[in-house]
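Encoded as structure tokens, the structure appears first; notes follow it.
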Number of protein chains: 2
Amino acid sequence: MRLASIEGLGGLTIGRLAREVDISKSGVFAHFRSKERLQQETVEAARRVFEREVLEPGLAAPEGVARVASLCEAYLSYIERGVFPGGCFFAHLLGEFDARTGPIHDEVAALQRGWVGLLEELITTAQERGELDPEVDSGQLAFELYAPLELANFLTTLYRDPATLERGREAVRASLAGAMAPEGGSSRAGPASADS
Amino acid sequence: MRLASIEGLGGLTIGRLAREVDISKSGVFAHFRSKERLQQETVEAARRVFEREVLEPGLAAPEGVARVASLCEAYLSYIERGVFPGGCFFAHLLGEFDARTGPIHDEVAALQRGWVGLLEELITTAQERGELDPEVDSGQLAFELYAPLELANFLTTLYRDPATLERGREAVRASLAGAMAPEGGSSRAGPASADS
DNA sequence: CCTACCGATCGGTAGG
DNA sequence: CCTACCGATCGGTAGG
């Protein structure tokens, strides 16, 4: 996972992993039985790390807009803590496999749909609770929250400068502020407005 | 460029390129003299394409907020037109080299700083013209405009569905709307507010 | 631009 | 887990 988060899943070869853990190539091979399975099991292991380091703490907040904000912050914190040395494992995977075809591309697409779907679901709940404006398009707001998380990951990793994470934090704050339910006032223009 | 936009610059090998253009490996080698130079010249060629397909049309709009919006739209249009078969060449490069070290990482960092710097510069001009709120942090707004462009590129490529580009368009519209100069009214909460 | 080759590394297999 | 090997491919060189 560490190697793949830096160099990509394609850089994770059986021979290289063998050198890294100091056993023979066929010793590594015996554990995974093919390069494809090594890659698949690495993705699966990273998924469990993401669950433990992002989803669990993020979803621990009380239901509603607090949980939406908490999940975004959990992602930014996971970047900040350097859980993987190359930044977000799945952002890397997205860049590597978005334009290819095959089982890994399809798995990446499924994971992305799951992540965006989760954000959307939390937003809908916050709308039902009257915290977020029901006029806001939940899919659009999910996109607008996800976008700064992704860019903060890439620029923080590229620049080796966690200051960029504050850009992400501020963007999330602003998008949520713009989507808050009007308190008796009239609806105003802002992010994720449904009247486009 | 086409190959690298799909499989990454690492997938662009001398042997593979030789097969693709149907000459011998050493025939390709003679043109570039090393793999590093092949990669560097490919990045440079893609930079010229980006200039022609994004910067030139984007910067053709009149100075001010129109030019900011026009540059964002030029980027989204470049994705939509499929200028590279694997989506934005430089987004791919960002994902591939953000966590590595070496000359290509450094070149990618310089290109990213240039792009973000250009956005920031156009925003500052729009503020000086009184079109965008001078209270807005121009670096923050540049980040908030860039983020949806990047995510729209990745998700459009991943899903093979240009509908995601509309999410990007709406996000750009919303961020710019939230940063417009108040017309005699008081400042209100919104994206990229400086009072964080 | 070519053929012919180099040492290294790839995924994978045979046989233990 | 190992050694020893397979055919393919890598970047690169020699010599034309």
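These figures come from a predicted structure and were not determined experimentally. The sequence lines fix the lettering, A, B, ..., with proteins before strands; numbering per chain opens at 1.
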Under-3.5 Å donor-acceptor pair between S26(B) side chain and dT3(C) base: yes
Selection residues 35-72 of chain A - residue pairs positive for ring-ring contact (aromatic ring centres under 6.0 Å, His included), sequence neighbours left out: F50(A)-Y78(A), F50(A)-F90(A), F50(A)-W115(A)
Contacts satisfying ring-ring contact (aromatic ring centres under 6.0 Å, His included) that involve residues 153-182 of chain B (not counting sequence neighbours) are F154(A)-F154(B)
Sub-3.5 Å pairs of nitrogen or oxygen atoms, protein against nucleotides 7-10 of chain C:
unit_1: dC10(C); atom_1: OP1; unit_2: T13(A); atom_2: OG1; d: 2.9
unit_1: dC10(C); atom_1: OP2; unit_2: R19(A); atom_2: NH2; d: 3.2

Nucleotide [N], atom [atom2] - distance to [atom1] of [X] in whole Å:
X      : N       : atom1 : atom2 : result
F29(A) : dA4(D)  : CZ    : P     : 19 Å
F32(B) : dT13(D) : CZ    : C1'   : 19 Å
D22(B) : dC1(C)  : CG    : P     : 12 Å
I23(B) : dT3(C)  : CD1   : C1'   : 14 Å
R33(A) : dG12(C) : CZ    : P     : 12 Å

Mind checking what makes side chain to side chain contact (heavy atoms under 4.5 Å, CB included) contact with E131(B), not counting sequence neighbours? V65(B), A126(B), R129(B)
A99(B): what forms a side chain to side chain contact (heavy atoms under 4.5 Å, CB included) with it, not counting sequence neighbours? I6(A), T157(A)
Salt bridge check: are R47(B) and E107(B) linked by an N-O gap of less than 4.0 Å? no
Residues which pass salt bridge (charged side-chain N to carboxylate O under 4.0 Å, His left out) with E128(B), listed by chain and number, not counting sequence neighbours: none
In residues 17-36 of chain B, what donor-acceptor pairs under 3.5 Å come from side-chain atoms, sequence neighbours left out?
unit_1: S24(B); atom_1: OG; unit_2: G27(B); atom_2: N; d: 3.0
unit_1: S34(B); atom_1: OG; unit_2: E36(B); atom_2: N; d: 3.4
unit_1: S34(B); atom_1: OG; unit_2: R37(B); atom_2: N; d: 3.1

Can you see if the side chain of S24(B) gets near the phosphate of dC2(C) - specifically, an N or O under 4.0 Å from OP1 or OP2? yes
Here DNA chain D, pairs taken as Watson-Crick or G-U under 3.5 Å and shown with ( ), [ ] when crossing and | when to another strand, reads ||||||||||||||||
Any pair counted as side-chain hydrogen bond (donor to acceptor under 3.5 Å, both in side chains), so long as it reaches residues 92-105 of chain A, sequence neighbours left out: H105(A)-R160(B)
